[in-house]
Amino acid sequence: MKNIFIKEILKDGQIGQEVKVRGWVRTKRVSKAFAFININDGTTIHNIQAVVDFESIPEEQLKDVNTGACVCISGILVASEGSGQAVEVKAQAVEVYGKADPEKYPLQPKRHSLEFLREIAHLRPRTQTFSAILRIRHALAFAIHKYFNDRGFYYLHTPIITGSDAEGAGEMFRVTTLDMNHPPKNEDGSINYKEDFFGKETNLTVSGQLEGELGAMALSKVYTFGPTFRAENSNTSRHLAEFWMIEPEVAFFELEDNMDLAEDFLQYLVAYAIEHCNDDLKFLDQRNAEEEKQKPQQERSELGLLERLNFVVNNSFVRLTYTDAVEILKNAKKKFQFPVDWGTDLQSEHERYLVEKHFRKPVILTNYPTEIKAFYMKQDEDGKTVRAMDVLFPGIGEIIGGSQREDDYDKLKQRAHAVGIEEESIWWYLETRKFGACPHAGFGLGFERLVLFVTGMSNIRDVIPFPRTPKSAEF
RNA sequence: GCUUCCUUAGCUCAGUAGGUUAGAGCGGCUGGCUGUUAACCAGUAGGUCCUUGGUUCGAAUCCAAGAGGGAGCGCCA
């Protein structure tokens, strides 16, 4: 008998077929003559039920078949006499691959808090919620590659280790092979990085964008999809020290094209999940609805998870400039903790107001003041703003940040200088503006923030298998 | 980095005007139940009350420090 997994049995299994069900026991219910064992192998949200008749298999053999144990049950696939499932396995033999001491196994057939599950991240993929999230995470990652591939983008592998400390996207993790206790010193007492592995200071990447631009200046349409590291001491439900980011970069694209791409891309991904992760999303939708019931009336969201997803697919995003957004916020009746003023960056509360209260749909804000955005963004004619765009989602905040890039050599050099970036450290980046420069644009999508939105979870630590956050790198 | 909350049985939680033997539900174990769906019914075992130090005749309860976790803010994706 060939290897067969539960998803395949439930989808293609024939009544009367001999099957071997392997997986982890979710629950066992015992009565006088029968035992019912629910087994899951993670290939699907659904369990398969095995029925053990004590006339053919003595109850003694089920002693070690407890919640969490890994078992192999051979038998015949039959139509279920019970009402909860169409088919079930009439057991002929029960083998226990791996026991799970029921006194010690932490996962019970009951609801656990997400905080508790985070502390047992090595076991939480065995829960319904996390296996559903991980399957959706996979589907979204696959859909990202499919979207770009179908549209002629090339997947560009940008470096994980970078010698550039000029990207300005945040604090970085140092990469070194120097002996931390006895580092080589210069005459002035500073550390001599010339003796380090790469002969210079190196860090983990905070963005693949600059290298992505180099790719776009040759292949026209590229994207990156890789791990990204930020050593920021950020303690929020929306930040990770290690996360995955998708960064398309396209030659000949201007800001409008960039917005069109971002909107189409997000709608495609959400639609893909709705189509391909239906069972898992239905489960999370129900879970979400139960969570909402616990909240006070005014904090509940008006739409359920699946309704929210469909809403994003079926409604175009609002596009407006930073300047117009500031006007709306200034005229808003709501009292904000932080005042709104042209020239300062918008606070979370302002973004939330625009997305969740004022427009009630995803918003793309554009043309931010030059001073609050990165040096590489293309300057507008008025000299005050740049062609930046942030895509804001309900409950998530900024899911995408992007811009048309400055392609004028002198302007770019001047902005880099103004924010204190040394020309020598990005000479290669500047050279693309010297040799065959062209208009181009791109953006960065935080993968986990996308997964957060699609799964309806509220903490980013619950949508990555093994989260890395300040003071936490277990597992 | 700042503000704030939490830590009691394997899990979810109750328990403070400081008082002697620390409680419930689920889970475990034992028994019952003819097909169950987080099964049900009865009985039973199970605790360094996060750690260390202090106040007190007496601390799960009060104080201090530490550890772990959550939420919010800042930074951003």
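Letters A, B, ... are given to chains in the order of the sequence lines, protein chains preceding strands, and every chain is numbered from 1. From a predicted model like this one, the values you see are computed outputs, not experimental measurements.
- With hydrogens and angles ignored, no donor-acceptor pair closer than 3.5 Å exists between the side chain of A/S234 and the base of B/rC76.
- A/I400 comes within 4.0 angstrom of the backbone, heavy atoms only, and of no base.
- B/rG31 sits 45 Å from B/rG68 when the P atoms are compared, rounded to a whole Å.
- Here the straight-line distance linking atom CD of A/E474 with atom NE2 of A/H122 works out to 9.0 Å at 0.5 Å rounding.
- Between A/Y322 and A/Y368, the angle of the ring planes lies from 30° to 60°, which puts this pair in the tilted group.
- If you check every strand for non-hydrogen atoms under 4.0 Å, A/R118 touches sugar and phosphate atoms only.
- A distance of about 47 Å separates the C1' atoms of B/rC41 and B/rU52, rounded to the whole Å.
- Inter-residue side-chain proximity for A/F393 and A/F317 is flagged as met; some heavy-atom pair is nearer than 4.5 Å.
- Note on ring orientation: taking the six-membered ring where Trp is involved, the planes of A/F142 and A/H138 are parallel (angle under 30°, cut-offs 30° and 60°).
- For A/P102, taking side-chain heavy atoms from C-beta onward, the closest of the listed nucleotides B/rA77, B/rC29, B/rG70 is B/rC29.
- Among the heavy atoms of the strands, none lies under 4.0 Å from A/R124.
- Taking 3.5 Å as the limit, the base of B/rC76 and the side chain of A/H239 contain a donor-acceptor pair of atoms between them.
- Among B/rC76, B/rG68, B/rG28, the nucleotide with an atom closest to any side-chain atom of A/S348 is B/rC76.
- Stem analysis of RNA chain B (Watson-Crick or G-U pairs, both distances under 3.5 Å, runs of at least three) returns B:1-7 with B:67-73, B:10-13 with B:23-26, B:28-32 with B:40-44, B:50-54 with B:62-66.
- Here the C1' atom of nucleotide B/rG74 and the CZ atom of A/R352 are 13 Å apart, to the nearest Å.
- Contact check, A/R461 against B/rG70: a side-chain N or O comes under 4.0 Å of OP1 or OP2.
- Taking the side chain as every heavy atom from C-beta outward, A/N459 and A/D462 approach each other to under 4.5 Å.
- The CD1 atom of A/I48 sits 12.0 Å away from atom CD1 of A/I37, with the distance rounded to the nearest 0.5 Å.
- When the nucleotides B/rC75, B/rG69, B/rA71 are ranked by their closest atom to the side chain of A/E115, B/rG69 comes out on top.
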Note to self: What does the B/S/- profile of nucleotides 36-48 of chain B look like, 5' to 3', with a 4.0 Å heavy-atom cutoff to protein?
What the structure shows: BBBB---------
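- Per the geometry, CG belonging to A/N235 stands 16 Å off P belonging to B/rC76, to the nearest Å.
- Both tests pass for A/R151 against the ring of A/Y147: distance under 6.0 Å to the centre and angle within 45° of the axis.
- If you check B/rG35, B/rC75, B/rG72 against the side chain of A/S237, the one that comes closest is B/rG72.
- Aromatic ring orientation, A/F466 versus A/F475: tilted (interplanar angle from 30° to 60°).
- Rounded to whole angstrom, the span from the NZ atom of A/K471 across to the P atom of B/rG69 amounts to 10 Å.
- Between B/rG19 and B/rG58, the two C1' atoms lie 7 Å apart (nearest whole Å).
- Between A/L117 atom CG and B/rG69 atom P there is a gap of 15 Å when expressed in whole angstrom units.
- By the 5.5 angstrom centroid cut-off and the 30-degree plane limit, A/F34 is classified as not stacked against the base of B/rG35.
- Among the heavy atoms of the strands, none lies under 4.0 Å from A/F447.
- Atom C1' of B/rC49 sits at a distance of 43 Å from the matching atom of B/rG35, rounded to the whole Å.
- A distance of about 14 Å separates the C1' atoms of B/rG15 and B/rA59, rounded to the whole Å.
- Distance CZ (A/F229) to C1' (B/rC75): 19 Å, rounded to an integer number of Å.
- Two rings, from A/Y376 and A/Y429, have their centers 6.0 Å or more apart.
- Considering OG1 of A/T162 and CE of A/M172, their distance stands at 5.5 Å, rounded to 0.5 Å.
- Atom NZ in A/K99 sits about 17 Å away from atom P in B/rG28, given to the nearest Å.
- Taking atom CZ of A/R126 as the reference point, atom C1' of B/rC11 lies 17 Å away to the nearest angstrom.
- Only the P atoms considered, B/rG47 is 13 Å distant from B/rC11, to the nearest whole Å.
- Taking atom CG of A/L240 as the reference point, atom P of B/rC75 lies 18 Å away to the nearest angstrom.
- If you take atom P in B/rG27 and the same atom in B/rC63, they sit 37 Å apart, rounded to whole Å.
- Remark: aromatic rings of A/Y155 and A/F148 are distant, center separation not under 6.0 Å.
- A perpendicular orientation is assigned to the rings of A/F173 and A/F229, their planes being inclined by more than 60° (bins at 30° and 60°).
- The residue among A/N66 and A/G401 whose nearest nucleotide of RNA chain B lies closer to the 5′ end is A/N66.
- Note on A/I399: only backbone sugar-phosphate atoms sit closer than 4.0 angstrom, heavy atoms only; bases stay farther off.
- Between B/rA39 and B/rU34, the two C1' atoms lie 14 Å apart (nearest whole Å).
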